[in-house]
*Asks:* 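The structure that follows is given in the form of structure tokens.
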Amino acid sequence: MTVTVDETQMFFFSAATYNGHRIHYDKDWARDTEGYDNVLVQGPLQAALLSRALTDWIGGAGRLVAFAVQNRAIAYPGQPLTFGGVITGKRDDGLIDLDIYCKRGDEVLMPGTATVALPSRGQS
């Protein structure tokens, strides 16, 4: 899944999560006080989009069992971010392990792991 986060989405996410940090909405503050080129996309917003990519892939009858990520690099609004993963194993109990990521181009901004239960054949 690829998403280009914009400043409106960032504003609403900050409001919904009660995140008042100026680095996510005040360009002058981000540049002059924090030294960034622009406001920063919230790490939790990136994680939420990554979990959405997973749950979209799993489908309604599947389930996200475990999810862990690390925010290792910044993202700016207007940059296409790609969310995905690769299967790393299948357990005897039917659970699937994955390495997951949020990338900007080839750079991994947010690596992580997940475990999912996929729906049985015939379920949707």
Side-chain angles (χ1 to χ4, degrees):
M1 176 176 88
T2 300
V3 174
T4 301
V5 176
D6 63 27
E7 291 180 39
T8 301
Q9 185 177 14
M10 292 170 53
F11 171 80
F12 283 117
F13 189 83
S14 283
T17 58
Y18 298 99
N19 182 349
H21 196 309
R22 292 171 70 175
I23 205 162
H24 302 302
Y25 67 86
D26 185 333
K27 289 181 185 181
D28 292 334
W29 175 271
R31 184 178 44 253
D32 300 338
T33 305
E34 301 286 344
Y36 294 106
D37 294 334
N38 197 352
V39 292
L40 305 182
V41 176
Q42 301 92 328
L45 175 55
Q46 293 174 58
L49 290 167
L50 181 49
S51 68
R52 179 181 137 203
L54 281 169
T55 55
D56 285 355
W57 177 69
I58 295 166
R63 143 180 90 88
L64 181 58
V65 176
F67 177 85
V69 294
Q70 296 177 350
N71 190 8
R72 293 196 180 162
I74 61 171
Y76 294 114
Q79 297 176 326
L81 303 176
T82 302
F83 302 90
V86 294
I87 296 172
T88 58
K90 181 179 178 193
R91 300 182 190 185
D92 290 338
D93 60 5
L95 296 178
I96 306 295
D97 293 315
L98 303 107
D99 283 340
I100 56 175
Y101 58 80
C102 166
K103 290 183 180 180
R104 179 184 51 233
D106 291 332
E107 180 185 9
V108 176
L109 307 178
M110 180 175 284
T113 58
T115 302
V116 301
L118 296 177
S120 301
R121 293 185 191 267
Q123 288 182 306
S124 51

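Here, residue 1 is the first one in the sequence, and each next residue gets the next number. Model, not experiment: these values are computed from the prediction.
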*Asks:* Does the pair V3 and V5 meet the rule for a side-chain contact (heavy atoms from CB on, under 4.5 Å), with working shown?
*Replies:* CA-CA 6 Å; V3 174; V5 176; 4.2 Å; yes
*Asks:* Could you tell me the separation between the CD1 atom of I74 and the CD atom of E34, rounded to the nearest 0.5 Å?
*Replies:*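 Nearest 0.5 Å value for the CD1-CD distance: 11.0 Å.
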*Asks:* Do you know which two heavy atoms are closest between A117 and V65, and how far apart they sit?
*Replies:*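 It is N-CG2, 4.0 Å.
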*Asks:* Should we say atom CZ of R31 is surrounded by more than 12 heavy atoms from elsewhere, each under 6.0 Å from it?
*Replies:*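 Yes, the 6.0 Å shell around CZ holds more than 12 heavy atoms from other groups.
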*Asks:* Going only through I, L, V, M, F, W and Y residues with side-chain contacts under 4.5 Å, is there a path from Y36 to F11?
*Replies:*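 No; tracing contacts between hydrophobic side chains, which count when under 4.5 Å, never links both residues.
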*Asks:* Could you give the distance from CG (L54) to CZ (F83), rounded to the nearest 0.5 Å?
*Replies:*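 Taking CG in L54 and CZ in F83, the distance rounds to 11.0 Å.
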*Asks:* When rounded to the nearest 0.5 angstrom, what distance separates CG in L49 from OG1 in T2?
*Replies:*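 The OG1 atom of T2 is 11.0 Å from CG of L49, to the nearest 0.5 Å.
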*Asks:* Hey, could you give me the CG/CE distance between L81 and M110, rounded to the nearest 0.5 Å?
*Replies:*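 It comes to 9.5 Å.
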*Asks:* To the nearest 0.5 Å, what is the distance between CG (L118) and CD1 (I87)?
*Replies:*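 Answer for the CG-CD1 pair, L118 versus I87, is 7.0 Å.
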*Asks:* If I compare all heavy atoms of G62 with all of P119, which pair ends up nearest, and what's the gap?
*Replies:*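 Closest approach of G62 to P119: CA-CD, 3.8 Å.
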*Asks:* Find the distance between CZ (F67) and OG1 (T115) and round it off to the nearest 0.5 Å.
*Replies:*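 Interatomic distance, F67 CZ to T115 OG1, rounded to 0.5 Å: 11.5 Å.
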*Asks:* Can you see which heavy atom on A75 is nearest to which on R104, and at what distance?
*Replies:*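 Shortest heavy-atom contact: CA-NH1, 3.6 Å.
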*Asks:* Taking all non-hydrogen atoms of both residues into account, name the closest pair between Q42 and N19 and its distance.
*Replies:*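 Scanning both residues, the minimum pair turns out to be CG-ND2, 4.1 Å.
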*Asks:* Considering all heavy atoms of both residues, which atom of L45 and which atom of M10 are nearest to each other, and what is their separation?
*Replies:*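 Heavy atoms of L45 and M10 come nearest at CD2-CG, 4.3 Å.
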*Asks:* I23 and side chain to side chain contact (heavy atoms under 4.5 Å, CB included): which partner among V39, N38, L40?
*Replies:*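 The single option meeting the side chain to side chain contact (heavy atoms under 4.5 Å, CB included) with I23 is L40.
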*Asks:* Determine whether V116 and W57 make a side-chain contact, defined as any pair of heavy atoms from C-beta on separated by less than 4.5 Å.
*Replies:*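 In short, these two side chains touch, coming nearer than 4.5 Å.
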*Asks:* Should we say atom CG of D92 is surrounded by more than 12 heavy atoms from elsewhere, each under 6.0 Å from it?
*Replies:*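 12 or below, so no.
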*Asks:* Ignoring hydrogens, what is the shortest heavy-atom contact between D99 and T113? Give both atom names and the distance.
*Replies:*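 Shortest heavy-atom contact: OD1-CG2, 3.7 Å.
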